[in-house]
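See below for the structure under consideration.
Naming: A, B, ... by sequence-line order, numbering from 1 per chain.
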2 protein chains.
Amino acid sequence: MFFLRELPTRQMLLTYRDRFPDMNPQAVGEALRLLRRGSLLMRELEAYFSAHALSQTRFLTMILIDREPARDGLFPSEIADRLDISRPVVTDTIKSLERAGLLHSIRDISDRRAKKVRLTPDGRAALAAVLPGYFALIADFMDRSTDDAS
Amino acid sequence: MFFLRELPTRQMLLTYRDRFPDMNPQAVGEALRLLRRGSLLMRELEAYFSAHALSQTRFLTMILIDREPARDGLFPSEIADRLDISRPVVTDTIKSLERAGLLHSIRDISDRRAKKVRLTPDGRAALAAVLPGYFALIADFMDRSTDDAS
DNA sequence: CTTACATCGTTAGGATGCTAACTATGTAAT
DNA sequence: ATTACATAGTTAGCATCCTAACGATGTAAG
């Protein structure tokens, strides 16, 4: 998270360039706006999910599984790869979704180390319930923050 | 952090709009790219700071103080406001920077509840040492990720 | 077969963020 | 002066991320 409320003015960036001549004020300004804007959206999304007993990661885990109905479930390691998060986080995420009855997993037949994770009917319902608000939040955010900061 | 590695294709977004007609595929696509790009930059910055015994928050705290040489230090509550983070985080951040000898604080004269936090000479030196690499990392990142994903 | 190595998911421990509640101090109303 | 409320910073406890290391299982080499 990056939450600097007031980004440096153009003038402040130019002052830094005086001290560090290789510095590119344009790129730094853009990067800070990217970080600030992304963090604000992330914060709003986390708050939304939290109000629905979810989190970004739990939501995305469910989306990933839902997105591949052809497969009869995903392996935790696949989820870790696709979400680009560490496996221990996937372990905990699955555990918590199972406790909530939104996911269930079964040992793999051919590889007894592995397990397949599927959505329960409740899981599919929870996803459908949360998606409209998710899309609405994003549309609203993008509308509000149409780069008038640049 | 938002780390979905493969963002949904335009086609997948359109499929979601079929299920949720109010959904705006354009806005959602842009938002996900914003989140992904911001998270990647954040991850690189954290790695950079971590290699220098710092963190985003510790770095930004120091920058904030450095940025106002007219003041003889900032109050923790001011830092919390400007960084848009909670006060307990500021307490811990200051503690760790003091342990590293980069910051020191003194009780305020007029308000004995408050304290002023200043950079030590070591703190100023650490900041100067870390800034060129910080600017270079950002310039490189922005160069690499010039929105060819859109 | 057995030995060595790779991979799956988990556990353990650390970092960083949050909210709620606390202590100490300041301020304003009676 | 006293009472009540507000504010500064801290502590305690929770959530979520990480890396390192583990046990169990699979695979490949001799």
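Within 4.0 Å of A:Ser110, counting heavy atoms only, lie sugar-phosphate atoms of the nucleic acid but no base atom.
Partners of B:Ser110 under the side chain to side chain donor-acceptor pair (under 3.5 Å) rule, at least two apart in sequence or in another chain, are B:Asp108. Contacts of B:Ala139 classified as side chain to side chain contact (heavy atoms under 4.5 Å, CB included), with partners at least two apart in sequence or in another chain: none. Legend: residues meeting side chain to side chain donor-acceptor pair (under 3.5 Å) with A:Arg43, ordered by chain and number and at least two apart, are B:Asp84. Partners of A:Arg71 according to the side chain to side chain donor-acceptor pair (under 3.5 Å) rule, which considers only residues two or more places apart in sequence or in another chain, are A:Glu78. For B:Ile106, the side chain to side chain contact (heavy atoms under 4.5 Å, CB included) partners two or more places apart in sequence, or in a different chain, are B:Lys116, B:Arg118. With sequence neighbours left out, A:Arg99 forms a side chain to side chain contact (heavy atoms under 4.5 Å, CB included) with A:Lys95, A:Ser96. With sequence neighbours excluded, the residues that form a salt bridge (Lys or Arg N to Asp or Glu O under 4.0 Å) with A:Asp140 are A:Arg144.
Bounding nucleotides for the chain A contact on DNA chain D, 5' to 3', at a heavy-atom distance below 4.0 Å, are D:dT16 to D:dG26.
Between A:Ile109 and B:Ser77, the residue anchored closer to the 5' end of DNA chain D is B:Ser77, taking for each the nucleotide with the nearest heavy atom. Residues A:Lys95 and A:Asp111 both approach DNA chain C. Their nearest nucleotides, taken by heavy-atom distance, put A:Asp111 toward the 5′ side.
Using the six-membered ring where Trp is involved, A:Tyr16 and A:Phe20 have ring planes that are parallel, under 30° apart on the 30 and 60° scheme.
Within the structure, every side-chain polar atom (N or O) of A:Lys116 is placed at least 4.0 Å from both OP1 and OP2 of C:dC8. Of the side-chain N and O atoms in A:Lys115, one or more sit less than 4.0 angstrom from OP1 or OP2 of C:dT10.
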Reading nucleotides 15-24 of chain C from 5' to 3' and marking B where a protein heavy atom lies under 4.0 Å of the base, S where only the sugar-phosphate is that close, and - otherwise, the string is -SSBBB---B
